Asks: 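After the structure tokens below, expect a handful of questions from me.
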Amino acid sequence: MGKRDFLSMESVSAPELTVLLDRASEMKAKRVPTNVLDGKTVAMIFEKPSTRTRVSFDVAISELGATSLPLSGTELQLGRGETIEDTGRVLSRYVHGMVVRTFGQDRLERLAASSTVPVVNALSDLEHPCQALADLLTIRERRGSFQGCTMTYVGDGNNVAHSLLLAGAIAGMRVIVATPPGYEPIPQIVKRAQQIAAETGGAAEVTTDAPTAVRDADVVYTDVWASMGQEQEAAERKLIFAPYQVNPVLLARAKPDAMVLHCLPAHRGEEIAAEVLDGPQSAVWDQAENRLHVQKALLEWLLEENA
Ligand code: CP
Ligand code: NVA
């Protein structure tokens, strides 16, 4: 069988998602180092900063018995103009997998197409699928299942929102994304999420009305207003997004036991009020921890299949 990449949440089917989450839960319950990927090396290429993704992948790789090779975009010849395709061809001769954080999704697709080893999207401008896996695990741990679950994402229609729309659809949830006008998720992703949701019993909706979208939600999710690469828009976005802050007033419209998620890093007082992020409904530290467990399950699945 050919190699599998994980470039988008769409890279996994509903049954595969269940297998991955089950394995992640099992690995979380019994966190012991294994040698399942003994002798393998995974390159981690980061063209943007990272705390959680970088450290959790590094630890995941080590707990699976493999070696991680952290590389920044600038220290590779890639930063001096070597093509993505040549980088993919060459690295494939050395390593057994690549975890890549970059800008355009096309960079990941070109790398995956020229590589003979699995490529994992560790965040692109379009998607953040490893985050969405951890989000689903966190929801399933606390709610037991995705059935009848409504998740409302409030804020920017960005990479995190895109992967959540797809992940929620695959899991059979109802996902509502509430953004200021002009900051909606891209229509192709919304359409794809709606197509998937039609088969799984979920739903994918987009609105500009955050208070209505949050009403009776089981999960309230937010992310930064200016993503990496949008720093020059930060001041303008602060004004535009101000009515979309997840604060106690907005959260009070959700179910009383609704959980609050944020992929982190958070800006208290901007997209989320400090008392919400640090309050009793927040599940963000479990959510961050779950990155490790889902990524262990993901790497085992992708790299063992290619053994
Ligand atoms: N949530 C997330 O991906 O965080 P980092 O940018 O720190 O990796
Ligand atoms: N949307 C954010 C997520 C950071 C984990 C960004 O791309 O910067």
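As the structure is a prediction and not an experimental result, all values here were calculated from the model. Numbering of ligands and ligand atoms starts at 1, following listing order.
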Asks: State whether the shortest distance between N or O atoms of Cys263 and N or O atoms of ligand 1 falls below 3.5 angstrom.
Replies: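 Yes - when backbone and side-chain N and O of Cys263 are compared with those of ligand 1, one distance drops under 3.5 Å.
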
Asks: Would you call Lys40 and Asp38 a salt bridge, using N to O less than 4.0 angstrom?
Replies: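 Not counted as a salt bridge, because no side-chain N and carboxylate O are separated by less than 4.0 Å.
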
Asks: Do the side chains of Leu123 and Val12 join up, straight or via other hydrophobic residues, at under 4.5 Å, putting them in one cluster?
Replies: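 Each belongs to a different hydrophobic cluster.
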
Asks: Does one hydrophobic cluster hold both Val95 and Leu108, with members joined at side-chain heavy-atom distances below 4.5 Å?
Replies: yes

Asks: Please say whether Thr53 places an N or O atom under 3.5 Å from an N or O atom belonging to ligand 1.
Replies: yes

Asks: Kindly identify the option in Val224, Asp156, Asp223, Val160 whose heavy atom sits closest to atom 1 (N) of ligand 2.
Replies: Asp223

Asks: Which option, Gln131, Arg52, His128, owns the non-hydrogen atom nearest atom 3 (O) of ligand 1?
Replies: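 The residue whose heavy atom sits nearest atom 3 (O) of ligand 1 is His128.
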
Asks: Report yes if His128 has an N/O atom closer than 3.5 Å to an N/O atom of ligand 2; otherwise report no.
Replies: no

Asks: Under 4.0 Å between a Lys/Arg side-chain N and an Asp/Glu carboxylate O for Lys255 and Asp216?
Replies: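 No, no charged N to carboxylate O under 4.0 Å.
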
Asks: Ignoring hydrogens, just give me the one of Thr51, Asp135, Asn159 whose non-hydrogen atom is nearest atom 5 (P) of ligand 1.
Replies: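 Minimum heavy-atom distance to atom 5 (P) of ligand 1 goes to Thr51.
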
Asks: Measure across His262 and Val284 and return the closest heavy-atom pair with its distance rounded to 0.1 Å.
Replies: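 Looking at all heavy atoms of both residues, the closest pair is N-CG1, 3.5 Å.
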
Asks: Taking the six-membered ring for Trp, are Tyr183 and Tyr244 closer than 6.0 Å centroid to centroid?
Replies: no

Asks: Step through the shown structure and confirm whether more than 12 heavy atoms of other residues, nucleotides or ligands are within 6.0 Å of CD on Glu233.
Replies: yes

Asks: Can you pull out the closest protein heavy atom to atom 8 (O) of ligand 2? Residue, atom name and distance to 0.1 Å, please.
Replies: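 Minimum-distance protein heavy atom for atom 8 (O) of ligand 2 reads Met228 N, 2.8 Å.
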
Asks: Within a distance under 4.0 Å of any heavy atom of Arg291, pick out the atoms of ligand 1 and give their elements.
Replies: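 Here the atoms of ligand 1 in question are 1 (N), 2 (C), 3 (O).
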
Asks: Check the side chains of Arg291 and Thr53 for a donor-acceptor pair under 3.5 angstrom, ignoring hydrogens and angles.
Replies: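 Present: a donor and an acceptor within the cut-off.
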
Asks: Please check if atom CZ in Arg143 has more than 12 non-hydrogen atoms from other residues, nucleotides or ligands closer than 6.0 Å.
Replies: yes

Asks: What are the atoms of ligand 1, with element, lying closer than 4.0 Å to any heavy atom of Arg101?
Replies: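 Near Arg101, the atoms of ligand 1 are 3 (O), 5 (P), 6 (O), 8 (O).
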
Asks: Which atoms of ligand 2 have any heavy atom of Leu264 under 4.0 Å away?
Replies: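 So the atoms of ligand 2 that pass are 5 (C).
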
Asks: Under 4.0 Å, heavy atoms only, figure out whether ligand 1 is touched by the backbone of Leu264, its side chain, both or neither.
Replies: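 Within the 4.0 Å criterion, Leu264 contacts ligand 1 through backbone atoms alone.
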
Asks: Heavy-atom distances under 4.0 Å are what count here, so tell me which part of Leu123 touches ligand 2: side chain, backbone, both or neither.
Replies: side chain

Asks: What are the atoms of ligand 2, with element, lying closer than 4.0 Å to any heavy atom of Asn159?
Replies: 1 (N), 2 (C), 6 (C), 7 (O)

